[in-house]
Amino acid sequence: MFCDKKFLIGVVALLMGVIPVRSQTESRPHVIVVGVNGMEWDIIRPLLLKGELHNFAEVIQRGVYGKMKTLSAPNCPKVYSSIATSTPPEENGITGFVVAGKTASTDMLKREPLWSILSKQGVTVGMANVPATFPVMPLNGYMISGMLTRGKGCEDGILCSPKLSEVKGGEAVYPPSMVAELQMNVGDFWIDCSRMPAAEELKGKEAEAIDQWLQQVSQVRAQQAKLFDYLLSHHRTDFTMLVQSCEDRVGHWLYPIQPYNAGYDSTLHNVRVDAFPDQYRAFDQVLGKILPYVDRSTYLFIISDHGIKPLREFEEGRRLYRSAHDHGGNTPIIAKHDFEDGDDVPGIFIAIGPNIKRDVRLMGFTVGVFDIAPTILNLYGIPKPTQMKGRVLSEIFEAPSSQPSGPSAR
């Protein structure tokens, strides 16, 4: 495990000022990463063409955008851990929601993640709602856990939603002293989006159950938006990563499919056909709250771990493709992402910032999940560790010579 005694001692020493760090007056890049689980281009593009995603469109026009190559059979903890470590699941230790019969956790990480590397280099780090970050780790800043956080009524932590006050089995906030501050200024927020209703909870009252669940989704998003705004305004850090997950869960259950799609049920899928597109209309509003913190010297990356597509009948019949869970017990699922061929459900990559090209579409799979961490490290002039599999995305910048690199960038 990477976070051994030496690492913990190093972090404590850094926070106490024992390890020399750069002067506070010396400028560092400001980077914000916004993750949206399961963000799907096929749903977003029509909304962009209709002019319904104003903030999203503004970001695309200001930067580079395209598909991001994900992993085979992708899921959130598996991909986010690979993004953070720039190593494949079999190397970093997080191979899915469940690893060797136990819910995935930071204790299982075998490779050092991006936020730890940045912290040890004196970069201040802020993290909120990132999947598979429970229990939280010491770092030079703050961390609020996300998906897979355990708590009351959520003992296994899998796809359920404890409130901050209900967390059990580990710390959800670092430093712990920040809990009271968050409860006072943000409220007792849900850590993650809730699990969808099971089949027996839906029977005969589909419309009511769907509306109630979507109402909670809206409440979760409002809380997350309030949390993000508070953190960006009161706890500014050099590097900040914020993630939303409700989009993914709504897509699994309420993707706007047609009667010929596998899994179609008219009693369910005629009720709220706009439910999934509405998630991106709502995300656009959240993005509007984040953009005021993105000035001309700030880098903003918007990423998704994978996309999501309607069910494929031939794959559903083969045990090889079945995941260890179905995102809600026996909830009727109509769309998924864990196809063996991850290229069928690519993630999204968007970047804006100093010297990044403007209004440029990246064709094919120029960007992969392993490339995010090396590119961000490069912005801070930190060499890529040898174990990282990705590369610096030099092509997104106006000119190679304009990229921050080496000690001079510090």
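Please read all numbers here as calculations on a predicted model, not as lab measurements.
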query: Does the side chain of Y230 come under 3.5 Å of the side chain of E181 through a donor N or O and an acceptor N or O?
result: yes
*Is the closest side-chain heavy-atom distance between V64 and F349 below 4.5 Å?*
yes
request  = Using the six-membered ring of F228, assess whether NZ or CZ of K289 lies under 6.0 Å from its centre and within 45 degrees of the ring axis.
outcome  = no
Inset, instruction - Determine yes or no for a side-chain-to-main-chain donor-acceptor pair under 3.5 angstrom, with E201 supplying the side chain and A198 the backbone. - result: yes
In the structure I gave you, are the side-chain heavy atoms of P88 and F370 within less than 4.5 Å of one another anywhere? yes
Distance-only, no hydrogens or angles: does the S116 side chain make a donor-acceptor pair with backbone N or O of P113 under 3.5 Å? no
- request: Taking the side chain as every heavy atom from C-beta outward, state whether L379 and V31 have any pair of such atoms under 4.5 Å apart.
  value: yes
From the list R62, H54, Q61, side-chain hydrogen bond (donor to acceptor under 3.5 Å, both in side chains) with E58 holds only for R62
| request: Determine whether K69 and V367 make a side-chain contact, defined as any pair of heavy atoms from C-beta on separated by less than 4.5 Å. | output: no
**Item:** Donor-acceptor under 3.5 Å (D284 side chain, F56 main chain)
**Value:** yes
Any side-chain to backbone donor/acceptor pair from E40 onto I308? Under 3.5 Å, distance only.
yes
Whether the side chain of H306 engages the backbone of P346 through a donor-acceptor N/O pair (distance < 3.5 Å, no angle test) should be reported.
no
Taking side chain as C-beta onward, heavy atoms only, is L311 less than 4.5 Å from N261? no
Does V392 offer a backbone N or O that forms a donor-acceptor pair with the side chain of N378 under 3.5 Å?
no
Exercise. Is a side-chain N or O of T366 found less than 3.5 angstrom from the main chain of L362, in a donor-acceptor match?
Worked result: no
Ring pair (Phe, Tyr, Trp, His ring centres under 6.0 Å) pairs touching residues 269-298, sequence neighbours excluded, are Y255-F276, Y264-H269, F276-Y280
Does any part of the side chain of T237, heavy atoms only, come nearer than 4.5 Å to the side chain of Y142, both counted from C-beta? yes
Check: Counting distance only, does the side-chain N/O of D305 pair as donor-acceptor with the main-chain N or O of V79 below 3.5 Å?
Finding: no
Q) Under a 4.5 Å cut-off applied to non-hydrogen side-chain atoms, are V286 and Q224 in contact? A) no
When you measure from the side chain of H337 to the backbone of P74, do you find a donor-acceptor pair of N or O atoms at a distance under 3.5 Å? yes
When rounded to the nearest 0.5 Å, the distance separating OG1 of T103 from CE of M147 is 12.5 Å
Note to self: Under a 3.5 Å distance rule, please check whether R249 uses its side chain to pair with a backbone N or O of C193 as donor and acceptor.
What the structure shows: yes
